[in-house]
Amino acid sequence: MSRTAEIASEHQFSADECDSLRRALLSWYAHHKRELPWRDIGDPYAVWVSEIMLQQTQVATVIDYYHRWLERFPTVEDLARAEREDVMELWAGLGYYRRARFLHESAAVVVDEMGGEVPRTVKQLKSLKGIGPYTAGAIASIAFDEPVPVVDGNVERVLSRLRAISGDPKATANQKLYWALAGDLVDPDAPGDFNQAMMELGATICTPQSPTCMLCPVREHCIAFAEGEPTEYPATAKRTRQRPMTVGTSVVVFGTGRAERFLVVKRPPDGLLGGLWEFPTVVDEDGKASSVDAYLEQCLATAGLETSEPNDLGELVHHFSHIRMTIRAEARRLDTEEPPEGAAEFDQPVDWVSRDELERLPMSAAMRKVLALYEQA
DNA sequence: AATTCGGGGTA
DNA sequence: TACCCAGAATT
């Protein structure tokens with residue numbers, strides 16, 4: 001027997017355990033599930049939207065975005081026809097902006113190449129950008145009743161505790177184990193509800209820090225509970241530490257009062273904050289803050305912008321999961337009578353927008369902070 | 001196998 | 001603070 005198979009068999013559920021776990025979990029879910037807007041809707045497109053939004057994003061955060069999205073893009077055709085700019089506007093603030101771009105592109109593929117029908121199988125679903133193993137399983141089981149499992153962070157934790165599985169939960173061997181166990185366990189008669197029940201248990205009972213085991217419907221089956229320290233499982237994932245980054249940002253303003261206009265630049269579609277707008281920003285990867293000011297000055301001059309002396313707005317720190325970004329912010333006024341038509345020297349699209357337009361523009365949380373600094377000053 | 005993608009909830 | 005969230009793509 002291969003090592004992998006050995007490990008798998010060591011943790012495998014017996015047929016009786018499977019049966020008992022399914023019944024207990026489904027019964028608990030029926031009584032205790034949270035009422036969420038994407039539950040029991042039967043619309044594959046809406047399920048798809050919800051699952052993309054829920055990637056690495058908590059339920060409470062998603063709900064408002066989900067409602068706004070389906071109001072604006074009720075069908076996959078509506079989304080496929082939409083402008084990228086409108087798509088990004090509705091996604092702004094949710095993070096991982098690639099998800100919005102892929103969802104938009106995949107909607108077009110579904111409409112143009114799949115007859116407008118969301119695919120029903122895991123294989124076909126995974127062929128779409130932005131849909132990986134988890135999301136494919138979720139859509140197939142929830143929207144189409146395909147008896148396939150899902151493994152997300154919740155399921156990893158629940159299974160780790162049920163079977164006392166140690167080691168890095170993201171390691172390949174453990175991932176194969178989770179998928180095998182989830183595949184054995186999933187109820188073929190109610191795969192959607194079963195998968196959601198596993199995740200619901202992880203989200204509300206079998207939580208990372210202080211699980212409420214006394215309310216758990218499957219604690220009799222849980223090895224970690226029997227051992228007495230359920231939080232021993234799973235092992236804490238090792239995370240990449242935040243790299244430092246320093247940027248200089250300039251709020252360039254033309255006009256006053258109602259005529260006030262802000263210079264904004266659109267970031268390239270790929271990479272960090274892809275497709276979002278920002279105030280002109282230069283990056284100093286080395287973190288040598290002293291050089292940022294001069295670089296920014298040069299950049300604006302190159303763009304043909306004659307400005308007043310900068311008004312220092314101070315510094316702020318913005319944390320991403322993988323970056324600790326120090327933002328040196330300043331404000332400048334344009335000296336000329338008219339704003340230039342564009343700023344052709346910028347590599348990316350630019351625009352001059354009013355304060356109201358700025359509010360609706362897809363911008364990152366970091367840039368909102370810069371705007372707040374400007375408004376205070 | 002490791003890194004790159006946000007932003008916010010929570011203890 | 002540190003951890004984690006209904007992960008996927010890329011290198």
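Because the structure is predicted, anything quoted here is derived from the model rather than measured. Note on naming: letters A, B, ... go to the chains in the order of the sequence lines (proteins, then strands), and numbering restarts at 1 for each one.
Proximity of Arg243(A) to the phosphate of dC5(B): a side-chain N or O atom is located under 4.0 Å from OP1 or OP2. Residue Thr240(A) places no side-chain N or O under 4.0 Å from the OP1 or OP2 atom of dT4(B). At least one side-chain nitrogen or oxygen of Lys129(A) sits closer than 4.0 Å to the OP1 or OP2 atom of dT10(C). Between Arg157(A) and the phosphate of dC4(C), there is no side-chain N or O to OP1/OP2 separation shorter than 4.0 Å.
Spacing between atom CD1 of Ile139(A) and atom C1' of dG7(C) amounts to 13 Å, rounded to whole angstrom units. The CZ atom of Arg99(A) sits 13 Å away from the P atom of dA9(C) (whole-angstrom rounding). In this structure, CD1 of Ile63(A) is placed 18 Å from P of dC5(C), rounded to the nearest angstrom. Per the geometry, CZ belonging to Arg98(A) stands 12 Å off C1' belonging to dT11(C), to the nearest Å. Rounded to a whole Å, the CD atom of Glu156(A) is 17 Å from the P atom of dC3(C). We find that CE of Met199(A) is positioned 13 Å from P of dC5(C), with the value rounded to whole Å. Note: CG (Leu103(A)) to C1' (dA8(C)) measures 13 Å, nearest angstrom. dA6(C) atom P lies 17 Å from atom CD1 of Ile41(A), rounded to whole Å.
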Polar atom pairs (N or O), protein with nucleotides 7-11 of chain B, under 3.5 Å:
from   : atom 1 : to        : atom 2 : distance (Å)
dG7(B) : OP1    : Tyr97(A)  : OH     : 2.8
dG7(B) : OP1    : Ala365(A) : N      : 3.3
dG7(B) : OP2    : His318(A) : NE2    : 3.3
dG9(B) : O4'    : Gln58(A)  : OE1    : 2.9

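At distances below 3.5 Å, not a single donor-acceptor pair connects side-chain atoms of Glu315(A) with backbone N or O atoms of Ala329(A). The closest donor-acceptor contact from the side chain of Glu17(A) to the backbone of Ser14(A) lies under 3.5 Å.
Across the C1' atoms, dG9(B) and dA8(C) are found 22 Å apart, a figure rounded to whole Å. Spacing between dT3(B) and dA6(C) at atom C1', rounded to whole Å, works out to 22 Å. Nucleotides dG6(B) and dT11(C) have their P atoms positioned 16 Å apart, rounded to a whole Å.
With contacts defined as side-chain heavy-atom distances shorter than 4.5 Å, the pair His322(A)/Gln242(A) does not qualify. Put simply, the side chain of Val186(A) does not reach to within 4.5 Å of the side chain of Val148(A), judged on heavy atoms.
What you find for Ser127(A) and Gln124(A) is that their closest heavy atoms are OG-O, 2.5 Å.
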Below 3.5 Å, can you tabulate the donor-acceptor pairs from side chains in residues 200-208 of chain A to any protein atom, sequence neighbours excluded?
from      : atom 1 : to        : atom 2 : distance (Å)
Glu200(A) : OE1    : Arg34(A)  : NE     : 3.3
Glu200(A) : OE1    : Arg34(A)  : NH2    : 2.9
Glu200(A) : OE1    : Arg39(A)  : NH2    : 2.7
Glu200(A) : OE2    : Arg34(A)  : N      : 2.8
Glu200(A) : OE2    : Arg34(A)  : NE     : 2.9
Glu200(A) : OE2    : Arg39(A)  : NH2    : 3.2
Thr204(A) : OG1    : Glu200(A) : O      : 2.8
Thr207(A) : OG1    : Ser210(A) : O      : 3.3

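Here Trp91(A) lies out of heavy-atom contact (under 4.0 Å) with every strand. Counting non-hydrogen atoms under 4.0 angstrom, Ile142(A) reaches nothing in the nucleic acid. Using a 4.0 Å heavy-atom criterion, one finds that Val59(A) contacts the sugar-phosphate atoms exclusively.
For residues 358-377 of chain A, the pairs satisfying ring-ring contact (aromatic ring centres under 6.0 Å, His included) are Phe262(A)-Tyr374(A), with sequence neighbours left out.
Comparing atom distances between the Tyr134(A) side chain and each of dA6(C), dC5(C), dT4(B) picks out dA6(C) as nearest. The listed nucleotides are dC4(C), dT3(B), dA9(C); the one nearest the side chain of Pro208(A) is dC4(C).
Not a single donor-acceptor pair, N or O on each side, falls under 3.5 Å between the base of dA2(C) and the side chain of Arg239(A).
Nearer to the 5' terminus of DNA chain C, by closest-nucleotide assignment, is the contact made by Leu54(A) (compared with the other of Gly130(A) and Leu54(A)).
Heavy-atom neighbours of Glu357(A) CD from other residues, nucleotides or ligands within 6.0 Å: above the threshold of 12.
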